[in-house]
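Below is one structure, written out as structure tokens; comments come after it.
Keep in mind that this is a model prediction, so the values were computed, not measured. By convention in this document, chain letters (A, B, ...) are assigned in the order of the sequence lines, proteins followed by strands, and residues within each chain are numbered from 1.
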Amino acid sequence: MFSDELGAGTHEPLLAGLNPEQRAAVTLPEGHALILAGAGSGKTRVLTTRIAWLLQTGRATPGGILAVTFTNKAAREMLTRLSGMLPINVRGMWIGTFHGLCNRMLRAHHKLAGLPQAFQILDQQDQLSAIKRLCKQHQVDDQRFPPKQLQQFIGSCKEEGMRPRDVPQHNPAMRRQAEIYQLYEEQCQREGVADFGELMLRSFELLRDNDPIRMHYQRRFAHILVDEFQDTNRLQYRWLKQLAGDEQNGQLRTMGSVMAVGDDDQSIYAFRGARVGNMQDFVREFDVRQTIKLEENYRSYSNILDCANALIAHNARRLGKNLRTAQGPGEPVRIFEAASDFAEAQWMVDEIRALTSAGMARQQIAVLYRSNAQSRVIESALFNAGVSYRVYGGLRFFERAEIKHALAYLRLLENVHDDTSFVRVVNFPPRGIGARTLEQLQDAARSAGCSLHDAAAQIKGAAGAKLGGFVALIEVLREQTQGQSLRAIIERMLDASGLVEHYRSDKEGEDRIENLHELVNAAESFVVQEGFGRDAVALPLDEQRGSGLTQSPVSQGLDPSQPAAGGFIDQDTGETLSPLVAFLTHAALEAGDNQAQAGQDAVQLMTVHASKGLEFDAVFIGGLEEGLFPHDNAMSDQAGLEEERRLMYVAITRARQRLYLSHAQTRMLHGQTRYNVRSRFLDELPQEALKWLTPQRAGAAQARGGAGGGFSAWSDAAPSRFGSKGEVFASPPVPPQKAQPAHGLRVGLAVFHTKFGEGKVLAIEGSGDDARAQVHFPRHGTKWLALAVAKLTVVD
DNA sequence: GGGGTTAACATTTTT
DNA sequence: TGTTAACCCC
């Protein structure tokens, strides 16, 4: 099909427009390579062009490539661009998310992996409720072991590749947690479900423990490409190693080439297991000879890049990289100090209005913040000003309660032993099956060692009758929907379950009913798009031909020219997933769009984390205050602080033309007024690139050190509303100094206490008689002191 | 079983 | 301060 393209020079258009580094990365010879791709350096372009180039020049076949990303969005983007570059069918190619590809592998080898082919996937919510159910059943003390914590524990065990028996059992608490982990695993196994971590771990173990399978994939994937490598966790890295080759005498012997693309300066997911160290390990263990830095930035003016470069230079242990641009300096980066969070938001609104009236599109303007709580003030300021906006994050389509209920019914149709789903809908809509009945049922199920569904018959009396009714409902529905289309199944289910009926009587049920109908649409379009080569798609027959259905995976893998086998086909029996199971898998693996579509022409509000990978003409970053950004919880150690700085780096590099930074002297937090010092990050930026919109006072560094001085001008007054912008702040050459709080303390000051000795002020809350200060005393630890009572003197 | 009340908690989040 | 989940009573 694309053999025509192989003629000399025909790949030129592919490489046209690439800079030398990009071109070098795209055309690297065989061997492992690390591509350090700075923000805005055309990373995705390089990645996809590399794949296209490998295919076009005959260096690889579609089936011989594995490309892995973190998000469905990134995977989709790659597929779209790739099919735009080459006339190939990307369907069936192994391009997807880590979890999507693991899922595919597990479906294909489910017997060896010890799973039913139609296993269901638990998302976070499902996992938590499964754990809660388990804790109840085994009388786990939920004070000592809160379900959330157990979920976290199990998750991180799996990320580290640990099964219950591998958990170090130093103390009784650890032993107990390992026990619960073990019980949880047994429960999942019994119910035929797998959580996200399990997909990854099970797939890893499948490769590790089955030589033929591992070798099959090692031979098959001559080229492995990894996106956002800096965000891989330990298990994902080990999984990649299994696919790449075997270790012999501590030496990794690989068959194909691994290209890792990432940016250590943009690693912001340590809190969920991301390990920047994987980059260094990769270079060492894979003996990487080729490292290419993409430092040319096509996004931002140089003032913005100068800020980014200067800031990130404060981090130690970097691989080292400096962004550059051919563009001019552009506008200076503006910094604004507001009296309050309220005033900060108002300033943003005023600036946003100025930008839009100068012709900038609203959707090209983003307001970024460190924590979600910050959005509230900004939202109300925008709302009052009549500026349309859109907040990212929040509930996704498949996470909505009504959708989850509907999915639970569908899951039960597929597998009546799915107790998570059973519990979810056995009494929803209400059928008079209460907590007592459920408890009885769970006891019966446990002593009989069977599922809730099977135990239902054992319950006597009225409760038993009601349970019987539910079981019968599912049974009847199952028979009725046998062989039906996905659409028909869902419509039938919505009707028979009473879900729609239930919401009809609910005053807020209208939206929910609409969503339930939307579920039918989602299923429809899933069926239509089925076969896009992702997730659990049952491939049509013509795609199955030549995929080695009748061959063992080993022999099949010997021929690299074969097209990718649809991974949802049982490698032994050739059985494919039913559309229903495929759809349920799709729903779990891809929770759907993140935001309701509120008008296109809207300012974008999101956390810095959510902004990664995006770009905007104008970017506002608010709340640049010590304690908020960098966040208190992250400042205890160097690593935490450095991650905060990377986060700031990500935020800065989102901006194309204009960047606005702001902080507030006063901020409402948890219903109390906090006085915050401006973020150290602001003092790490190059002055030449900045324009302070408000007079600059002693920086955070001085304040923290307790040195020098001047008065800090706090506003204890109620936040004031500013009529037109700049009225209050732009003109006066002297800062508008308000009365200083009577206690005269500031965050960072050294103080002396008659009993605790010398200490340092960490935070101040409240005012007047209620004022309290958090002070750290080297000998007595950190204490909150009521300033009206405690006698503190400022130490020079 | 539902509705109201109260207590606890409040970084970041994809799959 | 605002939300959420647990809890208690009818």
Side-chain angles (χ1 to χ4, degrees), chain A residues 68-75 96-103 121-129 132 142-143 146-148 152 155 158-159 194-201 203 227-228 231-233 235-236 267-274 341 368-377 380 392-396 398-399 427-438 466 505-506 534-535 585-592 594 606-613 623 627-636 640 643-644 646-648 650-651 667-674 765:
Chain A
V68 62
T69 65
F70 274 89
T71 63
N72 291 300
K73 198 174 153 202
T97 63
F98 277 101
H99 294 87
L101 296 181
C102 286
N103 170 59
I121 298 167
L122 300 185
D123 66 16
Q124 301 259 109
Q125 289 179 37
D126 298 332
Q127 190 191 21
L128 188 61
S129 50
K132 281 181 179 166
D142 59 358
Q143 298 285 65
K148 280 238 175 65
Q152 166 76 35
K158 291 187 179 181
E159 267 168 15
D195 61 48
F196 287 128
E198 188 67 27
L199 291 180
M200 209 60 236
L201 181 53
S203 172
D227 191 17
E228 304 280 15
D231 285 335
T232 51
N233 64 33
L235 181 59
Q236 284 157 342
S267 171
I268 55 173
Y269 285 113
F271 69 90
R272 63 175 198 215
D341 50 349
L368 310 184
Y369 35 80
R370 175 66 240 267
S371 70
N372 285 307
Q374 287 170 256
S375 77
R376 186 175 309 279
V377 219
S380 69
Y392 276 64
L395 267 196
R396 333 258 283 298
F398 286 114
E399 289 169 356
N427 196 38
F428 195 95
R431 303 188 171 87
I433 300 170
R436 298 180 317 279
T437 308
L438 214 52
K466 286 173 184 164
S505 59
D506 195 305
R534 303 194 328 268
D535 304 348
T585 303
H586 166 79
L589 245 28
E590 195 161 351
N594 219 345
M606 67 191 84
T607 63
V608 179
H609 281 93
S611 76
K612 193 175 170 205
L628 226 201
F629 200 177
H631 197 278
D632 268 328
N633 301 2
M635 280 199 285
S636 52
E643 175 139 323
E644 294 290 299
R646 290 194 292 270
L647 204 47
M648 180 68 184
V650 167
R667 185 174 295 278
M668 281 296 252
L669 194 67
H670 309 330
Q672 286 206 294
T673 306
R674 300 255 322 204
E765 274 185 358

Item to complete: Please state how far atom NE2 in A/His631 lies from atom P in B/dA10, giving the value in whole angstrom units.
Response: 10 Å
Practice prompt. Select from A/Lys466 and A/Gln124 the residue whose nearest nucleotide in DNA chain B is closer to the 5' end of that strand.
Written response: A/Lys466
Item to complete: Classify the nucleic acid contact of A/Glu643 as base, sugar-phosphate or nothing, counting any heavy atom under 4.0 Å across all strands shown.
Response: nothing
Worksheet item: With sugar-phosphate meaning primed atoms plus P, OP1 and OP2, does A/Ala634 contact a base, only sugar-phosphate, or nothing at under 4.0 Å between heavy atoms?
Response: base
Discussion item. If the threshold is 4.0 Å, N to carboxylate O, is there a salt bridge linking A/Arg370 and A/Glu644?
Written reply: yes
Discussion item. Expressed as a whole number of angstroms, how long is the span from A/Asn233:CG to B/dT15:C1'?
Written reply: 11 Å
Worksheet entry | Nearest atoms (heavy-atom pairs only) where A/His609 meets A/Leu647 | CE1-CD2, 3.5 Å
Worksheet item: If anything within 90° of 0 is syn and all else is anti, what is B/dT12?
Response: anti
Fill in: Contact letters for nucleotides 1-10 of chain C, in which S counts primed atoms plus P, OP1 and OP2 and B counts the base, heavy atoms under 4.0 Å
BSS--S----
Practice prompt. Looking at every strand, decide which applies to A/Ile433 at a 4.0 Å heavy-atom threshold: base, sugar-phosphate, or nothing.
Written response: sugar-phosphate
Worksheet item: How long is the line joining CZ of A/Phe629 and P of B/dT11, in whole Å?
Response: 15 Å
Worksheet item: Quantified in whole Å, what is the P atom distance between nucleotide B/dT12 and nucleotide C/dA5?
Response: 15 Å
Discussion item. According to salt bridge (charged side-chain N to carboxylate O under 4.0 Å, His left out), who are the partners of A/Lys466, at least two apart in sequence or on a separate chain?
Written reply: none
Discussion item. Under 4.0 Å from OP1 or OP2 of B/dT12: is there any side-chain N or O of A/Asn372 that close?
Written reply: yes
Worksheet item: A/Glu644 has a side chain; which of B/dT15, B/dT12, B/dT11 sits nearest to it?
Response: B/dT11
Discussion item. Base, sugar-phosphate or nothing for A/Glu228? Non-hydrogen atoms, less than 4.0 Å.
Written reply: nothing
Discussion item. Any side-chain N or O of A/Thr607 below 4.0 angstrom from OP1/OP2 of B/dT13?
Written reply: yes
Discussion item. Can you measure A/Arg431 atom CZ to B/dG2 atom C1' for me and round it to whole angstrom units?
Written reply: 17 Å
Worksheet item: Mind checking the P distance from C/dT4 to B/dT13? Whole angstroms is fine.
Response: 15 Å
Practice prompt. Looking only at non-hydrogen atoms, find the nearest pair between A/Leu589 and A/Asn72 and report the distance.
Written response: O-ND2, 3.1 Å
Worksheet item: How would you label the contact of A/Asp195 with the nucleic acid (heavy atoms, under 4.0 Å): base, sugar-phosphate, or nothing?
Response: nothing
Worksheet entry | Phosphate OP1/OP2 of B/dT12: any A/Asn633 side-chain N/O under 4.0 Å | no
Worksheet item: So what does A/Asp231 hit on the nucleic acid, given a heavy-atom distance under 4.0 Å: a base, only sugar-phosphate, or nothing?
Response: nothing
Practice prompt. Could you state the atom-to-atom distance from NZ of A/Lys612 to P of B/dT12 in whole Å?
Written response: 17 Å
Practice prompt. Decide, yes or no, whether a salt bridge links A/Asp231 with A/Lys612 under the criterion of side-chain N to carboxylate O below 4.0 Å.
Written response: yes
Fill in: 5′-ward residue of the pair A/Ser371/A/Ala588 relative to DNA chain B
A/Ser371
Worksheet item: Please give, in whole Å, the distance from B/dT14 P to A/Phe271 CZ?
Response: 9 Å
Worksheet item: Does A/Asn372 have any side chain to side chain contact (heavy atoms under 4.5 Å, CB included) partners at least two apart in sequence or in another chain, and if so, which?
Response: A/Tyr369, A/Thr607
Worksheet item: Over how many whole Å does the gap from A/Asn72 atom CG to B/dT13 atom P extend?
Response: 17 Å
Fill in: Centroid under 5.5 Å and tilt under 30°, A/His99 to B/dT15
no
Discussion item. List the residues meeting side chain to side chain contact (heavy atoms under 4.5 Å, CB included) with A/Leu438, not counting sequence neighbours, and say none if there are none.
Written reply: A/Val423, A/Val426, A/Leu441
Response to the item:
By side chain to side chain contact (heavy atoms under 4.5 Å, CB included), A/Ala373 pairs with (sequence neighbours left out) A/Ser371
Practice prompt. Give the rounded distance in Å between these two atoms: OH of A/Tyr269 and P of B/dT13.
Written response: 7 Å
Discussion item. Can you see if the side chain of A/Arg396 gets near the phosphate of B/dT15 - specifically, an N or O under 4.0 Å from OP1 or OP2?
Written reply: yes
Item to complete: Using salt bridge (charged side-chain N to carboxylate O under 4.0 Å, His left out) as the criterion, list what pairs up with A/Asp142, not counting sequence neighbours.
Response: none
Item to complete: Please work out if A/Gly432 contacts a base, only the sugar-phosphate, or nothing of the nucleic acid, heavy-atom cut-off 4.0 Å.
Response: sugar-phosphate
